[in-house]
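A quick write-up on the structure given underneath.
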Amino acid sequence: MEKTYKSAPSKVDYPHLDDPYYSTQKHAPDVAMAEALTIEPRVFAAANRIVAACGQLTATVHKPFYSLVESVNAGAFLACLQVLESANVVEILREAGPDGLHVEEIASKAGGLHRKTEDGRPGPVSLDPAKLGRVLRLLATYHWLREVKPDVFANNRLSSFLDTGKSTKELLRSPEEKYDGTDGVAAYLATSGDEVFKVMSYLSDWLVDDGGANYASAFNLAFKTPLKYYDWLEEPGNKGRMRRFGHSMNGTRQWELAENVIHGFAWDELPQDAVVVDVGGGIGSVSVILAEAYPHLRFVVEDRAPVVAIAPQAWGSRHAELFQAGRVSFHGQDFFQPQGLFRVPGIGVVHEPTVYLLRAVAHNWPDEKVWEILLNLRRAAGPQTKLLIVDNLLPYACVDDESAGGENGRSGDAESDALGTVRSLVPDGSPLLPNLGRASANGYILDITMLGRFDAKERTFREMDVLARSAGWRIVRVKRAVGSLWAYIIAEPLGGA
Ligand SMILES: C[S@@+](CC[C@H](N)C(=O)[O-])C[C@H]1O[C@@H](n2cnc3c(N)ncnc32)[C@H](O)[C@@H]1O
C-alpha cells in the first residue's frame, strides 16, 4: 500500500479520516489521486487484509461483554445514522466547512429543513439540540463524524461519503427530490434505516417462532402484508419508498468498483450495436456505466412498468445524452413472464439479444423463482446469447478442501478461479479467517438482508451452478471482483432446455 502511494507521481498519502471528500466537488489533483488510489487493486487488497486483521484482533482482545453490547445494540448505531441522514446533517455540515457547527445551530437548521411526510412539503420542527448532540457523539465515537470541540461537529471522510451534494436551499425547496441526480448512497442508507431495519428486527420472530407458517418472510411479518416486497413498493403511500429504492440501487454500485463491471465481461469483443438486456435493471444503474464505457453497445433496461416509468427522471440531467440517443432505453417486462419482443431505437425489433445481464436480481428470489427467471431467458435466448449473472458468490468461513479453485484474493489473482469455487481467500498458514472475516462481512450481511426481505439468498458457486444448469444454462466462466465477494458469472445456453 505504502509503496503504491510513495511511487505515485505526486507522492500522496492515503486519505486522512478527518478530511471530508465530497464526490460531487472538484478536487486538487493530489487529493483526487490519493482518493483514486484507494481502489487500486493492490491497495484495495491490502486494505482488506488490514480490515480483516483489525476485526480479528478486536474480536480477540475486546472484553466479550463489550463486544456483545456493541453487537446487540448495532440497531442504536443504525438509528443514529438514520437521524444523520433524515435530518440532513451532512449537507448542513458541508456548508458549515471544516470548523464545523455547534449542535444548537445544527439542530436549528435541521429543524427548519424538516419535511412532514416522505412526499410532503417542508414542515419545520423544533429539534432538541441536546438529544441531537448525543446522537452525533455516538457517530463521532464510531468515526462517522468529528467532534472538533465540545458540542461542535464537522464532517469527516466517512460522513462526507453520505453527502447528496444538494444545497440546503434545494433540500428546503424540493425535499422529495433529495436523491434525484445523486450517487444514491444517502438513499441506500435511508432505505436500510427504514425498511431493512424494521424487517431485521423481525427475523428471529419469523425464522424461529413463526417458522414460515404464517408469513412468507420477515418482511411480511414486519409490515403485516401478504404482498411481495416489490408489489408492496407500488402500493399507495409507498411512492417515496419506491423512488428511493431505485436510487438506493445506484448506491449499491459502491459494492463493486466500476472497473469490475466494466472488465467483468468481454464487452469490447461484442459487435457494433450488440444489444444487452439489463433484466430487472432498475433505473439502469449498471447499464449507464457500461454504456459510457462501451459506446458501440445498446442497452435495454427491463423492469416492472412503474419502475421504468420513473427511471429517466431519476437521473436528472446525468447521462441525458445516453437516453436521448437511445443507447440506453427502458422497457416494461415482468421477468416471470415470457420475454416479449421489443424495439431498440435505431435498430428495430430485437429477436435474440447478445447478452442478458442479471445484476443483483437472482439474490432477491428463492431458487424456484430464480429458475423461472432463468428459464424465461433461456427460452428467449439464441444459441449465441450469453447470460451474465452478477451477484455475490459466498465462500465458507473455513477452508473449502473440496474446492478445485486455489487461493483467490491476492492481487492480480482475480482471474485464476475459473471454476468458481474458492479454497480460501488467504494464503495457507495465514492466521486470518479463510473468508477474510470482517473484510468480507458485506456479502454475508447482504445474504441475511435477502433472507429477511425476500426469503432469498446470496449463493455459493455450487448452488448457482446447479440452479443455472436446471434452467438450461452452463456456467463457462467466473470472474471474481477485486476486493469483494461479487462475481461475474458467465453462462451459455445448454442444448435443448
Ligand atoms: C435489487 S434490484 C437490482 C436492480 C439493478 N439490476 C441494479 O443492479 O441496480 C432488483 C430489481 O428487480 C426488479 N423486479 C422485481 N420484480 C420484478 C419482475 N417481476 N419483473 C421485472 N423486474 C422486477 C425490481 O424492480 C428491482 O429494480
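Heavy atoms only: backbone and side chains are in, while hydrogens, waters and symmetry mates are out.
- Pro295 approaches Ala293 most closely through the heavy-atom pair CD-O, 3.4 Å.
- Proximity of a side-chain donor or acceptor of Glu302 to a complementary backbone N or O of Asp278 within less than 3.5 Å is not detected.
- Between the Glu40 side chain and the Val43 main chain, a donor and an acceptor come within less than 3.5 Å of each other.
- The backbone N or O of Gly181 lies less than 3.5 Å from a partner atom in the side chain of Arg318, making a donor-acceptor pair.
- Looking at heavy atoms from C-beta onward, Glu292 lies in side-chain contact with Leu322 at the 4.5 angstrom threshold.
- When side chains are defined from C-beta on, Phe77 does not count as touching Asn73, because their heavy atoms never get closer than 4.5 Å.
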Just do the side chain to side chain donor-acceptor pair (under 3.5 Å) check on Tyr188 and Glu85 with the steps written out, would you?
CA-CA 10 Å; Tyr188 172 76; Glu85 196 280 325; over 6 Å; no

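- Within the 3.5 Å criterion, the main-chain N or O of Ala360 finds a donor-acceptor partner in the side chain of His363.
- Contact of the Ser287 side chain with the Val276 side chain is not registered, since no non-hydrogen atoms from C-beta on lie closer than 4.5 Å.
- Checked by atom type and distance alone, the side chain of Asn220 pairs as donor or acceptor with a backbone atom of Leu227 at under 3.5 Å.
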Take Val83 and Leu132 through the test side chain to side chain contact (heavy atoms under 4.5 Å, CB included) and record every step on the way to the result.
CA-CA 8 Å; Val83 170; Leu132 182 63; 3.8 Å; yes

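- Defined by atom type and a distance below 3.5 Å, a donor-acceptor pair is present between the side-chain atoms of Glu91 and Thr164.
- At a threshold of 4.5 Å between non-hydrogen side-chain atoms, the residues Val148 and Asp99 do not count as touching.
- Rounded to the nearest 0.5 Å, atoms OG (Ser440) and CG (Leu432) are 10.5 Å apart.
- Two rings, from Trp232 and Phe219, have their centers less than 6.0 Å apart.
- In this structure, Arg327 does not pair ionically with Glu321, as no charged nitrogen and carboxylate oxygen lie closer than 4.0 Å.
- Here Asp231 pairs with Arg304 in a salt bridge; the nearest charged N to carboxylate O distance falls below 4.0 Å.
- For residues 6-39, the set of pairs meeting the ring-ring contact (aromatic ring centres under 6.0 Å, His included) definition, not counting sequence neighbours, comprises Tyr5-Tyr14, Tyr21-His27.
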Chi angles and distances behind the side chain to side chain donor-acceptor pair (under 3.5 Å) call for Lys479, Asn260:
CA-CA 9 Å; Lys479 180 164 178 171; Asn260 285 342; over 6 Å; no

List the steps and the verdict of salt bridge (Lys or Arg N to Asp or Glu O under 4.0 Å) for Arg157 and Glu35.
CA-CA 11 Å; Arg157 177 169 160 75; Glu35 188 64 31; 2.6 Å; yes

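- Ser159 pairs by the side-chain contact (heavy atoms from CB on, under 4.5 Å) definition with Val90, Leu145, Asn155, Asn156, not counting sequence neighbours.
- One finds the CZ atom of Phe330 at 9.5 Å from the CG atom of Asp303 (value rounded to the nearest 0.5 Å).
- Minimum heavy-atom separation, Pro15 to Thr38: CD-CG2, 3.6 Å.
- Using a 3.5 Å distance cut-off with no hydrogens or angles, the side chains of Trp255 and Asn442 do pair a donor with an acceptor.
- The CE atom of Met464 sits 5.0 Å away from the CD1 atom of Ile389 when rounded to the nearest 0.5 Å.
- Side chains of Asn88 and Lys109: no donor on one and acceptor on the other come within 3.5 Å.
- Within the 4.5 Å cutoff, side-chain heavy atoms of Asp194 are placed close to those of Arg244.
- In terms of modelled atom types and a separation under 3.5 Å, the side chain of Lys166 and the main chain of Glu177 share a donor-acceptor contact.
- Put simply, CG on Leu78 and CG on Leu189 are 7.0 Å apart, with the number rounded to the nearest 0.5 Å.
- Checked by atom type and distance alone, the side chain of Gln313 never pairs as donor or acceptor with a backbone atom of Ile310 at under 3.5 Å.
- Within the 4.5 Å cutoff, side-chain heavy atoms of Pro395 are placed close to those of Leu485.
- Remark: the backbone N or O of Lys3 is not paired with any side-chain donor or acceptor of Lys6 at under 3.5 angstrom.
- Between Tyr230 and Phe454, the distance separating the two ring centers is shorter than 6.0 angstrom.
- The shortest side-chain heavy-atom distance between His114 and Pro124 does not fall under the 4.5 Å cut-off.
- Put simply, CD1 on Ile448 and CD on Glu458 are 10.0 Å apart, with the number rounded to the nearest 0.5 Å.
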May I have the step-by-step check of side chain to side chain contact (heavy atoms under 4.5 Å, CB included) for Glu104 and Asp151, ending in yes or no?
CA-CA 8 Å; Glu104 291 205 353; Asp151 290 320; over 6 Å; no

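- Of all non-hydrogen atoms in Val422 and Asp400, the two that sit nearest each other are O-CB, 3.5 Å.
- Counted by atom type alone, Arg359 and Thr252 present one or more donor-acceptor pairs between their side chains at under 3.5 Å.
- Between the Ser430 side chain and the Val426 main chain, no donor and acceptor come within less than 3.5 Å of each other.
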Full working for side chain to side chain donor-acceptor pair (under 3.5 Å) between Thr168 and Glu95
CA-CA 8 Å; Thr168 49; Glu95 291 183 356; 2.7 Å; yes

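- For the atom pair CZ of Arg137 and OH of Tyr142, the computed distance is 15.5 Å after rounding to the nearest 0.5 Å.
- Residues Leu357 and Val286 are in side-chain contact: their nearest non-hydrogen atoms beyond the backbone lie under 4.5 Å apart.
- A centroid separation of 6.0 Å or more is found between the aromatic rings of Phe223 and Tyr202.
- Using a 3.5 Å distance cut-off with no hydrogens or angles, the side chains of Glu195 and Tyr229 do pair a donor with an acceptor.
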Using the rule given for side chain to side chain contact (heavy atoms under 4.5 Å, CB included), can you reason through Tyr488 versus Phe265, listing the C-alpha separation, both sets of side-chain angles and the distance that settles it, and then say yes or no?
CA-CA 7 Å; Tyr488 304 85; Phe265 184 86; over 6 Å; no

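- A salt bridge links Asp163 with Arg94: the distance from a Lys NZ or Arg NE/NH1/NH2 to an Asp or Glu carboxylate oxygen falls below 4.0 Å.
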Can you check side chain to side chain contact (heavy atoms under 4.5 Å, CB included) on Ile92 and Leu113, steps first, answer last?
CA-CA 10 Å; Ile92 291 169; Leu113 286 179; 4.1 Å; yes

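- Judged by distance alone, the side chain of Asn250 and the main-chain N or O of Gly184 form no donor-acceptor pair under 3.5 Å.
- Remark: Asp180 pairs with Arg243 by the salt bridge (Lys or Arg N to Asp or Glu O under 4.0 Å) rule, at least two apart or across chains.
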